[in-house]
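Data first, discussion second: the structure below is written as structure tokens.
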Amino acid sequence: MPELPEVETTRRGVGPLLEGRRVSAVNVRNPNLRQPVLASLPQRLTGLTLRAVERRAKYLLFRFDNGFLIVHLGMSGSLRIVEPRTAFRKHDHVEITFDATHCLRLHDPRRFGLMVWTEEPPKDHALLRHLGPEPWDEQFSGAYLHAGARRRQAAVKNYIMDSRIVVGVGNIYASESLYRAGVHPNRAAGRISRTRYDAIVVAVREVLEEALELGGTTLRDFVHSDGEPGYFRVRLRVYGRAGEPCECQGGLIRQIVIGQRSSFYCPRCQR
DNA sequence: CTTTACGCCTGACGGC
DNA sequence: TGCCGTCAGGCGTAAA
């Protein structure tokens, strides 16, 4: 499940290998992603030179001279670069070949991913228009979260997962961040102090940065013909650990459902 | 406006 | 062994 660090690691992995190269072929093997891949994508892309691979939230933005290819990895998506004529795997849905030497393949078993072409600035695109700040933006602060939460009854876990508030906090790292900040995931967003929001901001950044650092060690996997970028080995302290003792030795980790999602917390550490 | 429910989809897993 | 039901989850959209 790619979260922000995985997407950023993907960007850093594929960008340097592809930037400056020209699209020589596009092969859409299965267009049925969350939105259908445009039938004219091959004609649209072939011959264009990739200028940069950028990122906004969990969207990868492949910048060409006259537009952007927006890619989202959804739940199960991954990108990798292989040599021409490498055997396709099941669920390799789209292949974009650069300079006839580098084949970028989108692999996505669940097909919650997305690949769309746009000629407007990505920030104005319907998918990105309403996104809040990146976690590392100055704007993302305890004061910002505190002000935005006034009178909000929603659980703080849902609040920090709301992409209009801040982008890139997925289900796993939301639980982990709130654990580190000592905040109960079900607490109403509007009933948390400014000071505790400061702690949440620090925790979110710590968790994401830790994952990003571990991601750096897997960059080589993007060019391995048989490799999968793989989920990072961040040590998860509560996620997926229902019933296990917390590190505090004073409680068992509990699992509850908040907003249709599994949430994990320590009843002793988090209030 | 805020909040909640749902659907898209496949693989993993448990029960029988 | 194999079949089947259940669950997981990002995120846009519809509905409350």
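Among the protein residues, A:Y159 comes within range of no part of the nucleic acid, since none of its heavy atoms lies under 4.0 Å from any strand. Within the nucleic acid shown, A:L73 has no heavy atom closer than 4.0 Å to any nucleic acid atom.
A:V94 places none of its side-chain heavy atoms less than 4.5 Å from the side chain of A:R105. The closest side-chain heavy-atom distance from A:R241 to A:F264 is not below 4.5 Å. With contacts defined as side-chain heavy-atom distances shorter than 4.5 Å, the pair A:V204/A:F140 qualifies. Contact of the A:R187 side chain with the A:I192 side chain is registered, since non-hydrogen atoms from C-beta on lie closer than 4.5 Å.
In this structure, A:Q35 atom CD and C:dG12 atom P are separated by 10 Å, rounded to whole Å. If you measure from atom CG of A:L236 to atom P of C:dA8, you get 16 Å, rounded to the nearest angstrom. At whole-Å resolution of the value, CZ in A:R34 and C1' in B:dC9 are 12 Å apart. Atom P of nucleotide B:dA5 and atom CG of A:N158 are separated by 11 Å, given to the nearest angstrom. Across the protein-nucleic acid pair, A:R111 atom CZ and C:dC11 atom P stand 18 Å apart, rounded to whole Å. The CG-P distance, from A:L60 to C:dC11, rounds to 12 Å in whole Å. Whole-Å rounding puts the A:D108 CG to C:dG10 P distance at 13 Å. Protein atom CE of A:M75 is 10 Å distant from nucleotide atom P of C:dC11, rounded to whole Å.
A salt bridge links A:E134 with A:R56; the closest basic N to acidic carboxylate O contact falls under 4.0 Å. By the 4.0 Å N-to-carboxylate-O rule, A:R55 lies close enough to A:E8 to be salt-bridged with it. Checked for salt-bridge contact, A:D65 and A:R51 meet the test: a charged N lies under 4.0 Å from a carboxylate O. Using a cutoff of 4.0 Å between basic side-chain nitrogens and carboxylate oxygens, A:D108 and A:R34 are not scored as salt-bridged.
Taking every heavy atom of residues 256-266 of chain A and every atom of DNA chain C, pairs under 4.0 Å involve A:R261, A:S262, by number.
In this structure, the separation between SG on A:C246 and CD on A:E244 is 10.5 Å, given to the nearest 0.5 Å. Note that CZ of A:F62 and CG of A:L45 are 10.5 Å apart. Values are rounded to the nearest 0.5 Å. In this structure, CD1 on A:I81 lies 4.0 Å from CG on A:L18, to the nearest 0.5 angstrom.
For the salt bridge (Lys or Arg N to Asp or Glu O under 4.0 Å) condition, the pairs that include at least one residue of residues 172-183 of chain A, sequence neighbours left out, are A:R180-A:E206, A:R180-A:E210.
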Close N or O pairs between protein and nucleotides 1-3 of chain B (under 3.5 Å):
| unit_1 | atom_1 | unit_2 | atom_2 | d |
| --- | --- | --- | --- | --- |
| B:dT3 | OP1 | A:Q153 | N | 2.6 |
| B:dT3 | OP1 | A:A154 | N | 3.1 |
| B:dT3 | OP2 | A:R152 | NE | 3.1 |

Between the protein and nucleotides 11-15 of chain B, which nitrogen or oxygen pairs come in under 3.5 angstrom?
| unit_1 | atom_1 | unit_2 | atom_2 | d |
| --- | --- | --- | --- | --- |
| B:dG11 | OP1 | A:H91 | NE2 | 2.6 |

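Between A:K58 and the phosphate of C:dC11, there is a side-chain N or O to OP1/OP2 separation shorter than 4.0 Å. Considering only side-chain N and O atoms, A:Y173 lies nowhere under 4.0 angstrom from the phosphate OP1 or OP2 of C:dG10.
Listed nucleotides: C:dC11, B:dT10, B:dC8. Nearest to the side chain of A:F112: B:dC8.
Note that the two end axes of the helix from B:dT2-C:dA16 to B:dC16-C:dG2 enclose an angle of 50°, each drawn from 5 base pairs, rounded to 10 degrees.
The cationic atom of A:R152 (NZ for Lys, CZ for Arg) does not lie both less than 6.0 Å from the six-membered ring centre of A:Y159 and within 45° of the ring axis.
A:L61 belongs to a hydrophobic cluster with A:Y59, A:F68, A:I70, A:L114, A:V116, A:L127, A:L128, A:L131, A:V167, counting contacts under 4.5 Å between side-chain heavy atoms of Ile, Leu, Val, Met, Phe, Trp and Tyr, direct or through other members.
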